[in-house]
Amino acid sequence: MELQQVLEQKVKEAANSIFKTDLPSVEFQPTRKDFEGDLTVVVFPMLRTIKGNPVEIGTKIGQYLQEHVEAIAKFNVVKGFLNLVVSDYYYLSFFNSILGKERFGYQEPNSKDAVMVEYSSPNTNKPLHLGHIRNNLLGYSVAEILKAAGHKVYKTQIINDRGIHICKSMLAWQKFGEGETPESSGLKGDHLVGKYYVEFDKTYKNEVAQLISDGKEKALAEKEAPILLEAQEMLRKWEAGDEDVVSLWKKMNGWVYEGFDTTYKNLGVDFDHLYYESNTYLLGRNVVKDGLEKGVFFKKEDGSVWIDLTEEGLDEKIVLRSDGTAVYMTQDIGTAIQRVTDFPDINGMVYTVGNEQDYHFKVLFLILKRLGYSWAEKLYHLSYGMVDLPSGKMKSREGTVVDADDLIKNMEETAAAISKDLGKLEGYSEEEKKVLYRTIGLGALKYYILKVDPKKRILFNPEESVDFQGNTGPFIQYTYARIQSILRKAGDSTTSAIENSFALHPKEKELLKQIQLFPEKVLEAANDHSPALIANYTYDLVKEFNSFYQQVSILGESMTIKRNFRVQLSKKVGEVIQDAFHLLGIQVPERM
RNA sequence: GGUCGCGUAGCUCAGCUGGAUAGAGCAUCUGCCUUCUAAGCAGACGGUCGAAGGUUCGAAUCCUUCCGCGAUCACCA
């Protein structure tokens with residue numbers, strides 16, 4: 001990075017002194033594997049300001065660089081590409097400069113604006129499923145990446161604890177539950193509540209079918225099924241503060257939270273601050289009233305309030321019902337403002353929500369901008385694709401979901417089975433093994449999901465399950481474990497100083513180049529809100545290391561200088577793997 | 001219908017701020033455990049980058065049109 005800046009300067013200098021022209025910019029790229037060199041200057045763009053043959057121009061600039069830049073050892077020109085060979089000395093100096101640095105690649109903590117990252121935000125009427133897992137992993141990872149990029153980060157979620165959906169579970173439990181509790185049934189709280197949500201749906205469907213066979217029209221039957229009317233009545237009571245309903249609501253939500261907590265803990269995600277919709281759903285109405293006075297919104301004859309977004313190519317959007325009650329949008333406006341009030345230092349928020357809500361967030365951000373909030377410019381919808389099954393969409397009501405808890409358990413079991421098969425864990429206690437199986441199982445799952453570009457949809461086939469070989473979490477964890485094994489055997493060479501007076505093996509040089517990329521990858525991932533960039537970077541690093549490991553003897557090297565260097569190089573690769581995986585929320589094992 | 005996103009090897013994905021013969025993994029096939037963990041390494045096979053135009057010295061990458069898949073356009077959340 002630094003070298004590239006120096007080179008850009010020097011190339012401009014060269015153009016100036018040789019061709020008497022100013023170059024607006026210089027284009028670099030890593031040299032392709034099939035050519036000699038480390039960094040390549042593309043000559044073609046210069047032809048706009050320098051007339052002549054690209055090979056000649058490249059050669060002249062190459063000569064200039066070789067003479068004036070110490071780090072450039074050699075060069076060659078192929079067509080319009082000036083390939084620069086960077087000296088071993090340069091890479092060794094670079095390595096020395098980061099040797100003692102912890103978390104090389106992370107920026108100074110809290111050196112940038114505070115950002116709030118929202119993720120998870122589930123409904124409280126059913127357990128979490130694979131879709132929530134993607135959301136959680138993405139949100140958590142992006143939060144960690146933003147931290148590493150220097151931001152202060154608040155992780156949050158808004159728990160959708162009120163509404164018709166939870167009333168459905170409550171009602172079904174009241175009718176059919178016979179006082180069942182998590183304790184009495186042995187069911188995890190969220191699963192118990194989810195069970196009654198499914199119960200409700202069954203009854204509802206039966207009632208609708210009955211009404212239809214009695215001669216009702218379908219649409220009417222769906223609106224008038226007695227159990228639905230009852231649920232709606234229950235919601236009204238809740239809003240009126242009916243004691244019995246509220247206390248049932250508290251009890252069942254409590255069960256769900258306990259269940260969620262377990263799942264979050266197992267997944268390894270956490271939150272700094274929680275918002276509950278039951279506290280925030282009334283927010284926003286005053287803001288809308290103010291906005292109405294300021295002319296941001298307008299009122300229709302029936303009293304409903306709207307915003308006109310046709311100038312932006314969107315439609316009119318309702319922000320307050322004619323009866324004065326809030327819609328989803330009203331609430332989100334209020335919540336956003338509330339958050340900035342609660343955490344005055346935040347300048348920017350990330351909403352981790354599926355791409356089915358793209359339109360909603362586009363509108364929300366526009367409204368906040370029109371209301372004149374400066375931070376509204378820095379809102380980001382981390383929109384991700386749905387996780388689908390081969391059979392289609394996951395539907396909780398119909399039971400066609402991959403349950404989060406089941407999936408995590410499955411992954412652990414698969415990891416255990418493979419580990420036992422390989423049998424490399426002699427000396428490990430049962431407890432240590434359990435921890436390891438979890439590390440590997442979760443590593444496989446998290447990597448599998450995070451390595452794909454967030455905006456792409458994922459087709460998850462439970463039959464084929466998640467791989468443990470190739471471009472996978474366990475592959476990377478395995479490399480880390482191998483490195484730790486070397487370090488255990490290396491003795492004092494893990495800390496001895498590095499001399500930079502020897503020739504690098506090509507594999508060593510490649511590794512150093514790859515390590516050098518880490519800081520910019522972190523910034524890029526933060527900028528793009530994409531954990532996939534970190535995953536792919538780590539994979540490339542690890543592949544490079546394994547190739548080195550295979551070809552070059554580390555502990556078997558007889559020259560002490562080289563042996564020490566290789567040990568330290570391996571150690572640093574291990575650190576980068578660990579730090580990179582930390583950004584994905586994945587643990588690394590000492591052995592596996 | 002309008003808007004947005006996606007379409008790269010049999011499968012899963014990189015590459016997309018334009019640059020050299022488009023890269024990995026899985027699957028299939030071939031080698032490599034008397035040397036630091038074979039969840040590994042080395043190699044073979046496999047591509048009209050959805051299609052057609054355009055911009056450019058140069059396009060998987062940018063623009064237009066079309067096709068396919070998905071989402072969205074509620075006084076639902």
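Side chains included, hydrogens not; waters and symmetry mates left out as well; all remaining heavy atoms used. The sequence lines fix the lettering, A, B, ..., with proteins before strands; numbering per chain opens at 1.
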Asks: Which is true for Ile318(A) with a 4.0 Å heavy-atom rule: it touches a base, it touches only sugar-phosphate, or it touches nothing?
Replies: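 Answer is base: heavy atoms of Ile318(A) come under 4.0 Å of a base.
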Asks: Do NZ/NE/NH1/NH2 and the carboxylate oxygens of Arg236(A) and Glu239(A) come within less than 4.0 Å?
Replies: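 Here Arg236(A) does not pair with Glu239(A) in a salt bridge, since their nearest N and O are not under 4.0 Å apart.
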Asks: Atom OH of Tyr384(A) to atom C1' of rA71(B): distance rounded to whole Å?
Replies: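 In whole Å, rA71(B) C1' and Tyr384(A) OH are 13 Å from each other.
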Asks: Nearest to the side chain of Asn355(A), which nucleotide is it out of rU21(B), rA71(B), rC41(B)?
Replies: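 Closest nucleotide among those given: rA71(B).
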Asks: Kindly point out which of rA20(B), rA77(B), rA38(B) is positioned nearest to the side chain of Phe35(A)?
Replies: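 The answer is rA20(B), which lies nearest to the side chain.
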Asks: Taking for each residue the nucleotide of RNA chain B with the nearest heavy atom, is it Val78(A) or Glu356(A) whose nucleotide lies nearer the 5' end?
Replies: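 Of the two residues, Val78(A) wins.
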Asks: May I ask you to decide whether Glu557(A) forms a salt bridge with Lys562(A), counting only side-chain N to carboxylate O separations under 4.0 Å?
Replies: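 So Glu557(A) does not pair with Lys562(A) through a salt bridge.
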Asks: Counting heavy atoms from C-beta on, name the nucleotide in rA77(B), rA20(B), rC4(B) closest to the side chain of Asp358(A).
Replies: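 Per side-chain heavy atoms of Asp358(A), the pick is rC4(B).
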Asks: Sticking with atom P, work out how far rU61(B) lies from rA74(B), rounded to a whole angstrom.
Replies: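 Their P atoms lie roughly 35 Å apart.
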Asks: Looking only at side-chain atoms of Lys455(A), point me to the closest of rC4(B), rC73(B), rG5(B).
Replies: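 The answer is rG5(B), which lies nearest to the side chain.
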Asks: Any side-chain N or O of Arg563(A) under 4.0 Å from OP1/OP2 of rC36(B)?
Replies: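 For Arg563(A), the contact criterion (side-chain N or O under 4.0 Å from OP1 or OP2 of rC36(B)) is not met.
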Asks: Less than 3.5 Å between a donor and an acceptor, one on the side chain of Ser547(A) and one on the base of rA42(B), is that the case here?
Replies: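 Per atom types, no contact qualifies.
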Asks: From rU21(B), rC41(B), rG58(B), pick the nucleotide closest to the side chain of Arg48(A)?
Replies: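 Per side-chain heavy atoms of Arg48(A), the pick is rG58(B).
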Asks: Please classify the nucleic acid contact of Pro54(A) as base, sugar-phosphate, or nothing, using heavy-atom distances under 4.0 Å.
Replies: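 No contact.
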Asks: How many whole angstroms separate atom NZ of Lys362(A) from atom P of rA71(B)?
Replies: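 Lys362(A) atom NZ is separated from rA71(B) atom P by 17 Å.
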Asks: Is it the case that the side chain of Ser530(A) and the backbone of Ala526(A) share a donor-acceptor pair, with hydrogens and angles ignored and the cut-off at 3.5 Å?
Replies: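 Not at all, since once roles are kept as given, no pair shorter than 3.5 Å links the two residues.
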Asks: Base, sugar-phosphate alone, or nothing: which one does Asn83(A) contact when heavy atoms must sit under 4.0 Å apart?
Replies: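 Base contact - Asn83(A) has a heavy atom under 4.0 Å of at least one base atom.
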Asks: Using the C1' atom as the reference point in each nucleotide, state the distance between rG47(B) and rA60(B) in Å, no decimals.
Replies: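 One C1' to the other, the span is 11 Å.
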Asks: Within the distance-only criterion (no hydrogens, no angle test), does the side chain of Arg134(A) pair as donor or acceptor with the backbone N or O of Ile449(A) below 3.5 angstrom?
Replies: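 Side chain of Arg134(A) to backbone of Ile449(A): no pair is present.
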Asks: If we call it a pair only when both distances are under 3.5 Å in a Watson-Crick or G-U wobble match, what pairs with rC69(B)?
Replies: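 WC or wobble partner is rG5(B).
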Asks: Any N or O donor-acceptor pair under 3.5 Å from the base of rA77(B) to the side chain of Asp332(A)?
Replies: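 No pair found.
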Asks: If I pick the P atom on rC33(B) and the same atom on rA52(B), what distance separates them, to the nearest angstrom?
Replies: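 Between the two P atoms, the distance is 49 Å.
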Asks: May I ask you to say whether Lys455(A) pairs ionically with Asp453(A), meaning some side-chain N is under 4.0 Å from a carboxylate O?
Replies: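 A salt bridge is present here (some side-chain N lies under 4.0 Å from a carboxylate O).
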Asks: With nearest nucleotide decided by heavy atoms, which residue, Glu524(A) or Arg482(A), maps closer to the 5′ end of RNA chain B?
Replies: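 So the residue in question is Glu524(A).
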Asks: How would you label the contact of Thr325(A) with the nucleic acid (heavy atoms, under 4.0 Å): base, sugar-phosphate, or nothing?
Replies: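 No contact.
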Asks: May I ask you to say what Val567(A) touches in the nucleic acid, namely base, sugar-phosphate or nothing, with a heavy-atom cut-off under 4.0 Å?
Replies: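 Touches nothing.
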Asks: I need the CD-P distance between Glu312(A) and rC4(B), as an integer number of Å.
Replies: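 The distance from CD of Glu312(A) to P of rC4(B) comes to 14 Å, rounded to the nearest Å.
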Asks: Sticking with atom P, work out how far rC11(B) lies from rG18(B), rounded to a whole angstrom.
Replies: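 That atom pair is separated by 30 Å.
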Asks: Using centres under 5.5 Å plus planes under 30 degrees as the test, is Phe44(A) stacked with rG19(B)?
Replies: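 So Phe44(A) counts as stacking on the base.
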Asks: What is the distance, rounded to the nearest whole Å, between atom CD1 of Ile57(A) and atom C1' of rC57(B)?
Replies: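 Rounding to the nearest Å, CD1 of Ile57(A) and C1' of rC57(B) are 13 Å apart.
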Asks: For the side chain of Tyr359(A), counting heavy atoms from C-beta on, which of rU21(B), rU72(B), rA14(B) is nearest?
Replies: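 Comparing rU21(B), rU72(B), rA14(B) against the side chain of Tyr359(A), the answer is rU72(B).
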Asks: Searching all strands shown, indicate the nucleotide that pairs with rU55(B) (Watson-Crick or G-U wobble; both distances under 3.5 Å).
Replies: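 Pairing partner, where one exists within any strand: none, as none qualifies.
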Asks: Just to confirm, is there a sub-4.0 Å distance from OP1 or OP2 of rC41(B) to any side-chain nitrogen or oxygen of Asn546(A)?
Replies: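 True: Asn546(A) side-chain N/O within range (under 4.0 Å) of rC41(B) OP1/OP2.
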Asks: Is rG40(B) paired to anything, Watson-Crick or G-U wobble with both distances less than 3.5 Å, and if yes, which nucleotide?
Replies: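 Answer to the pairing question: rC32(B), which forms a Watson-Crick or G-U pair with rG40(B).
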Asks: Students often get this wrong, so: under 4.0 angstrom with heavy atoms, is Glu27(A) touching a base, only sugar-phosphate, or nothing?
Replies: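 The residue Glu27(A) makes base contact.
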Asks: If pairing requires Watson-Crick or G-U wobble contacts with both distances under 3.5 Å, which nucleotide is the partner of rC13(B)?
Replies: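 When the pairing criteria are applied, rG23(B) turns out to be the nucleotide that pairs with rC13(B).
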Asks: Inspect the surroundings of NZ in Lys433(A) and state if more than 12 heavy atoms from other residues, nucleotides or ligands are less than 6.0 Å away.
Replies: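 Yes, because the 6.0 Å sphere around NZ of Lys433(A) holds more than 12 heavy atoms from other groups.
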Asks: Check whether any side-chain N or O of Arg32(A) sits under 4.0 Å from OP1 or OP2 of rA22(B), and answer yes or no.
Replies: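 So the side chain of Arg32(A) is outside the cut-off, no N or O lying under 4.0 Å from OP1 or OP2 of rA22(B).
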Asks: Expressed in whole Å, how much space separates the C1' atoms belonging to rG50(B) and rC6(B)?
Replies: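 Straight-line distance between the two C1' atoms is 11 Å.
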Asks: Looking at Lys300(A), I'd like to know if its NZ atom is crowded, meaning that more than 12 non-hydrogen atoms belonging to other residues, nucleotides or ligands lie closer than 6.0 Å.
Replies: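 Yes.
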Asks: Need one value for Asn160(A): base, sugar-phosphate or nothing, where a base atom within 4.0 Å counts as base even if backbone is also close, heavy atoms only.
Replies: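 Asn160(A): backbone/sugar contact only, no base atoms under 4.0 Å.
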Asks: Closest approach to the side chain of Val452(A), judged atom by atom: which nucleotide of rC13(B), rC4(B), rG40(B) is it?
Replies: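 Minimum distance to the Val452(A) side chain belongs to rC13(B).
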Asks: Ignoring hydrogens and geometry, is there a side-chain-to-backbone donor-acceptor pair from Thr472(A) to Phe475(A) under 3.5 Å?
Replies: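 Flag set: sc Thr472(A) to bb Phe475(A) pair under 3.5 Å.
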Asks: Take atom C1' in rG46(B) and the same atom in rG25(B), then report the distance between them in whole Å.
Replies: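 These two C1' atoms come out 14 Å apart once rounded.
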Asks: Within the structure shown, what part of the strands sits under 4.0 Å from Met592(A) by heavy-atom distance: base, sugar-phosphate, or nothing?
Replies: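 Base contact.
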Asks: Once you round it to whole Å, what is the distance between C1' of rC26(B) and OH of Tyr448(A)?
Replies: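 These atoms are roughly 11 Å apart.
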Asks: So, is Lys489(A) close to the rU37(B) phosphate, meaning a side-chain N or O under 4.0 Å from OP1 or OP2?
Replies: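 Yes, such a contact exists.
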Asks: Between Lys456(A) and rA14(B), is there a side-chain N or O to OP1/OP2 distance below 4.0 Å?
Replies: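 Yes, Lys456(A) has a side-chain N/O under 4.0 Å of OP1/OP2 on rA14(B).
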Asks: Is Glu412(A) paired with Lys434(A) through a side-chain N to carboxylate O contact shorter than 4.0 Å?
Replies: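 Salt bridge flag = no for Glu412(A) with Lys434(A).
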Asks: Roughly, in whole Å, what's the span from CG in Leu555(A) to C1' in rU37(B)?
Replies: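 Between C1' of rU37(B) and CG of Leu555(A): 12 Å.
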Asks: Starting the side chain at C-beta, find the nucleotide from rG19(B), rA77(B), rA71(B) nearest to Tyr328(A).
Replies: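 Of rG19(B), rA77(B), rA71(B), rA77(B) is nearest to the side chain of Tyr328(A).
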Asks: Specify the glycosidic conformation (syn or anti) of rC33(B), with syn defined as within 90° of 0.
Replies: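 For rC33(B), whose glycosidic angle is within 90° of 0, the conformation is syn.
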Asks: Using a cut-off of strictly less than 4.0 Å, decide whether Arg321(A) has a side-chain nitrogen or oxygen near OP1 or OP2 of rA77(B).
Replies: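 Answer yes for this pair, as a side-chain N or O of Arg321(A) is under 4.0 Å from OP1 or OP2.
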Asks: Using a cut-off of 4.0 Å on non-hydrogen atoms, how would the nucleic acid contact of Ile164(A) be classed: base, sugar-phosphate, or nothing?
Replies: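 No contact.
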Asks: Could you tell me whether Tyr549(A) contacts a base, only the sugar-phosphate backbone, or nothing, with contacts defined as non-hydrogen atoms closer than 4.0 Å?
Replies: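 Result for Tyr549(A) = base.
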Asks: OP1 or OP2 of rC36(B) less than 4.0 angstrom from a side-chain nitrogen or oxygen of Ser485(A), does that happen here?
Replies: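 Negative; the distance criterion is not met.
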Asks: Quick one: which of rA20(B), rU21(B), rA38(B) gets closest to the side chain of Asp34(A)?
Replies: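 Comparing rA20(B), rU21(B), rA38(B) against the side chain of Asp34(A), the answer is rU21(B).
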Asks: For the side chain of Gln469(A), counting heavy atoms from C-beta on, which of rC26(B), rC36(B), rA20(B) is nearest?
Replies: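 So the nucleotide nearest the side chain must be rC26(B).
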Asks: What's the CD1-P distance between Ile476(A) and rC13(B), to the nearest Å?
Replies: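 The answer, rounded to whole Å, is 17 Å.
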Asks: Gln357(A) has an atom CD; how far is it from atom C1' of rC73(B), in whole Å?
Replies: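 Atom-to-atom, Gln357(A) to rC73(B), this comes out as 14 Å.
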Asks: If rU61(B) has a Watson-Crick or G-U wobble mate with both distances under 3.5 Å, name it; if not, just say none.
Replies: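 With both distances under 3.5 Å required, rU61(B) matches none.
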Asks: Give a yes or no on this: more than 12 heavy atoms of other residues, nucleotides or ligands lie within 6.0 Å of atom CD of Gln587(A).
Replies: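 12 or below, so no.
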